[in-house]
Amino acid sequence: MLLLAIGGVYLLPVALAALLWWSGDHPSSWRQADWSSARVLPTPQDGSDAALYILAARTGGMKGAVSEHSWIVVKDKDASAYERWDKVGWGMPIRHNHRPADGLWYSNVPKIIVGITGEEAERLIPQVREAIAAYPFAAAGGYTMFPGPNSNSFVAYVMRAVPGIDASLPVAAVGRDYPSDGRLVVLDRERGEIRLSLWGYAGLVAGWKSGLEINLLGLVAGIDPRHLAVKVPAFGTYSLLGA
């Protein structure tokens, strides 16, 4: 019965996602991919307000069937340009401004996960910079595709370190549940949730805002009663409320 449940909840969506991805049109390598601006963010010169964004887009190769890549973008008040931070799998992994702030990722259009502007962004940006500086896997060799620490582990670490970012990465952000701080059991009073992790290979998150999520080998399934939503591995969150 347990194997049937795992097959239905995890393996079937992954197989379907892989089939859909394989049948689609995707670049064969990073050289053929488009990395230019997707123009999903306002032009930085359009306003003087500070801004903080978290973006995510499907990644390349067959990984894109089940996983997304996420990154952080900020703009200080009165600044004329955005700053972007990603974690990548080569060299010094934390990259600053190595792509356009809202650039396509392997030709895939990013979506905005978090968008905060004005005084709230101005207050949070110094905390974001501090969390980036404190990230414990920033040195060469500090990247592991699975279970982490990878690109999503980095962004999730920063988001959890800044309580004012009241959001989570998408369920397809494989590696987001890796315990970058080394804690396998976390009672997060700020976010009102409990997180359990087996070093990123499996885990559980439960709370009023997150609902119930079960992570198995990086794939996340769950329910969100607050939004009448289900979380489907490799695909995302689907709500009857349309939000």
Side-chain angles (χ1 to χ4, degrees), residues 33-59 67-88 92-138 149-177 180-181 188 190-193 209-210 227 236-237 239 242-243:
D34 185 355
W35 303 91
S36 63
S37 171
R39 302 188 185 280
V40 299
L41 294 180
T43 303
Q45 295 86 359
D46 285 349
S48 62
D49 285 349
L52 165 62
Y53 297 101
I54 308 291
L55 293 94
R58 289 285 166 166
T59 188
S67 185
E68 301 184 351
H69 170 82
S70 59
W71 62 94
I72 300 165
V73 173
V74 306
K75 182 176 82 75
D76 290 317
K77 185 178 180 180
D78 297 322
S80 60
Y82 289 115
E83 293 182 78
R84 169 175 170 165
W85 284 271
D86 303 62
K87 186 175 183 180
V88 297
M92 295 298 289
I94 305 301
R95 298 300 173 93
H96 184 216
N97 295 335
H98 85 304
R99 300 285 184 199
D102 57 357
L104 299 164
W105 189 258
Y106 279 94
S107 300
N108 299 305
V109 178
K111 56 183 179 290
I112 299 172
I113 308 304
V114 171
I116 302 171
T117 59
E119 292 182 0
E120 182 67 4
E122 195 173 348
R123 182 180 69 83
L124 295 178
I125 287 172
Q127 299 176 49
V128 168
R129 294 184 187 278
E130 288 178 10
I132 291 171
Y135 179 64
F137 298 101
N150 61 19
S151 62
N152 297 316
S153 310
F154 163 64
V155 175
Y157 171 89
V158 174
M159 292 172 72
R160 289 171 185 152
V162 182
I165 303 178
D166 190 14
S168 299
L169 288 177
V171 297
V174 174
R176 66 172 194 162
D177 295 321
S180 296
D181 59 5
D188 191 333
E190 292 281 354
R191 300 182 186 275
E193 65 184 22
K209 294 180 180 179
S210 301
H227 297 105
T237 301
S239 172

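The two residues Tyr157 and Ser180 come nearest to each other via the heavy atoms CD1-CB, 3.7 Å. Considering every non-hydrogen atom in both Ala38 and Pro110, the closest pair reads CB-CD, 3.6 Å. Scanning all heavy atoms of the two residues, the minimum distance from Gly115 to Tyr53 falls at CA-CD2, 3.6 Å. Of all heavy-atom pairs spanning Gly236 and Val171, the tightest one is CA-CG2, 3.4 Å. Between Ile113 and Ser168, the closest heavy-atom pair is CG2-O, 3.6 Å. Summarising the geometry of Ala138 relative to Met92, their closest heavy-atom pair is O-CE, 3.9 Å, with the distance given to 0.1 Å.
By the 4.5 Å heavy-atom criterion applied to side chains, Arg191 and Ser210 are not counted as neighbours. Under the 4.5 Å side-chain criterion, counting only non-hydrogen atoms from C-beta, Val114 is not in contact with Ile72. When side chains are defined from C-beta on, Trp85 counts as touching Ile94, because their heavy atoms get closer than 4.5 Å. A heavy-atom distance below 4.5 Å is found between the side chains of Leu55 and Val40. Side-chain contact between Arg99 and Trp71 is absent, with no heavy-atom pair separated by less than 4.5 Å. With contacts defined as side-chain heavy-atom distances shorter than 4.5 Å, the pair Tyr82/Asp102 does not qualify. Residues Phe154 and Asp86 are not in side-chain contact: their nearest non-hydrogen atoms beyond the backbone lie 4.5 Å or more apart.
In this structure, CZ on Arg176 lies 9.0 Å from CG on Asn152, to the nearest 0.5 angstrom. Once rounded to the nearest 0.5 Å, the distance linking CG of Asp181 with CZ of Arg160 reads 8.0 Å. To the nearest 0.5 Å, the span separating CD1 on Ile116 from CG on Leu52 amounts to 5.0 Å. To the nearest 0.5 Å, the span separating CH2 on Trp35 from NE2 on His98 amounts to 7.0 Å. Note that the OG atom of Ser107 and the CZ atom of Arg58 stand 15.0 Å from one another [nearest 0.5 Å]. Distance CG/Asn97 to CZ/Arg84: 9.0 Å, rounded to 0.5 Å.
More than 12 heavy atoms of other residues, nucleotides or ligands lie within 6.0 Å of CD in Glu120, so this atom counts as buried by the packing criterion. Counting non-hydrogen atoms of neighbouring residues, nucleotides and ligands closer than 6.0 angstrom, the CZ atom of Arg39 reaches no more than 12 such neighbours. Shown here is Gln45, whose CD atom has more than 12 heavy atoms of other residues, nucleotides or ligands within 6.0 Å.
Here the side chain of Asp34 pairs no donor or acceptor atom with the backbone of Leu104 at under 3.5 angstrom. No donor-acceptor pair under 3.5 Å is formed between the side chain of Ser70 and the backbone N or O of Val155.
A salt bridge links Lys209 with Asp166: at least one charged nitrogen is closer than 4.0 Å to a carboxylate oxygen. Using a cutoff of 4.0 Å between basic side-chain nitrogens and carboxylate oxygens, Arg129 and Asp76 are scored as salt-bridged.
Ring geometry for Trp105 against His69 counts as parallel: the plane angle stays under 30°, on a 0 to 90° scale with 60° as the upper cut.
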Inset, instruction - Report the C-alpha separation of Val128 and Ile165 in whole Å, then their side-chain angles, then the decisive distance to 0.1 Å, and conclude whether the side chain to side chain contact (heavy atoms under 4.5 Å, CB included) test is met. - result: CA-CA 9 Å; Val128 168; Ile165 303 178; 4.1 Å; yes
